[in-house]
Amino acid sequence: MTRIRLGVNVDHVATLRNARGGTHPDPLEAARAALRAGADSITVHLREDRRHIRDADVRAMRAALDAPLNLEMAATAEMVAFATAIRPQACCLVPERRAELTTEGGLDAAAAEAVLAPAVRQLAATGARVSLFLDPDPRQLEAAARLGAGAVELHTGTFCEAPAGPGRAAELARLRQAAAQAAALGLECHAGHGLDYDTAAELAAIPEVAELNIGHFLLGQAVFEGLPAAVARMRQVIDAARSRTHR
Ligand code: PXP
């Protein structure tokens with residue numbers, strides 16, 4: 001049985017810190033706490049407007065953490081140069097401008113192949129595992145394979161927001177099919193956006209999903225139960241869902 005990896009996104013620790021303009025709470029300390037509680041990796045999104053995570057946060061995490069750092073970034077020359085200097089273990093290309101979006105929110109890799117190709121190539125040359133954040137759409141996965149990405153991260157937002165009923169079941173089926181297609185194309189399959197304990201368990205039950213990246217819900221739960229407890233509970237929930245799948 002393949003253990004599912006849990007990546008914890010600590011962007012909103014920086015959101016909270018920046019609200020007062022000081023140094024507390026420190027995203028690096030939150031990353032350490034998440035790793036101690038059972039996370040496998042830390043994800044941060046360095047946005048072009050630096051609204052939460054800043055360059056210095058990424059540098060500090062890359063230097064201080066033993067675990068893999070997954071840098072979410074736009075496929076711009078500035079971000080590719082930054083990643084080339086920092087050399088995170090993983091880079092996930094995400095859309096930041098409306099023009100790069102499909103209707104549901106992943107990268108339109110099929111339309112943007114010419115822009116993405118040099119970014120994927122340069123990032124892969126640093127030794128990073130490069131993933132593309134995509135809607136569970138067969139055309140997008142085919143584009144990711146043509147681009148030579150090592151992984152795709154399936155956008156789970158539409159599924160997570162869907163009310164119970166046939167529409168939700170259809171979204172989960174789309175994610176399942178996309179995970180199987182990714183595996184058939186030789187792409188490692190990750191998933192994220194909007195996951196909570198229940199939806200993360202449903203994704204963890206898909207055997208091809210190797211990694212979940214979760215931020216907002218865990219930081220929200222940290223208000224009520226503390227970050228270590230929330231991460232430990234998520235770890236337990238997804239491990240249990242994965243083990244039931246393989247029984
Ligand atoms: N994966 C990717 C590529 C993301 O951009 C984000 C943040 O939007 C997440 C996962 C985590 O999403 P959330 O904060 O909703 O858990």
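Just follow the structure's listing: the first ligand is 1, and inside any ligand the first atom is 1.
When side chains are defined from C-beta on, S131 does not count as touching E188, because their heavy atoms never get closer than 4.5 Å. At a threshold of 4.5 Å between non-hydrogen side-chain atoms, the residues M73 and V80 count as touching. Side-chain contact between H155 and D135 is present, with at least one heavy-atom pair separated by less than 4.5 Å.
In summary, the side chains of S41 and N70 do not present any donor paired with an acceptor at a separation below 3.5 Å, with no hydrogens or angles considered. No side-chain N or O of R50 forms a donor-acceptor pair with one of N18 less than 3.5 Å apart.
Take D57 and apply the salt bridge (Lys or Arg N to Asp or Glu O under 4.0 Å) test, not counting sequence neighbours, and it matches R17.
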For ligand 1, list all ligand N or O to protein N or O distances below 3.5 Å, rounded to 0.1 Å.
residue  : atom   : partner : partner atom : Å
ligand 1 : 1 (N)  : E72     : OE2          : 3.4
ligand 1 : 1 (N)  : E153    : OE2          : 2.5
ligand 1 : 5 (O)  : E72     : OE1          : 2.9
ligand 1 : 8 (O)  : H193    : ND1          : 3.1
ligand 1 : 14 (O) : H216    : N            : 2.8
ligand 1 : 15 (O) : G194    : N            : 2.8
ligand 1 : 16 (O) : G215    : N            : 2.8
ligand 1 : 16 (O) : H216    : N            : 3.4

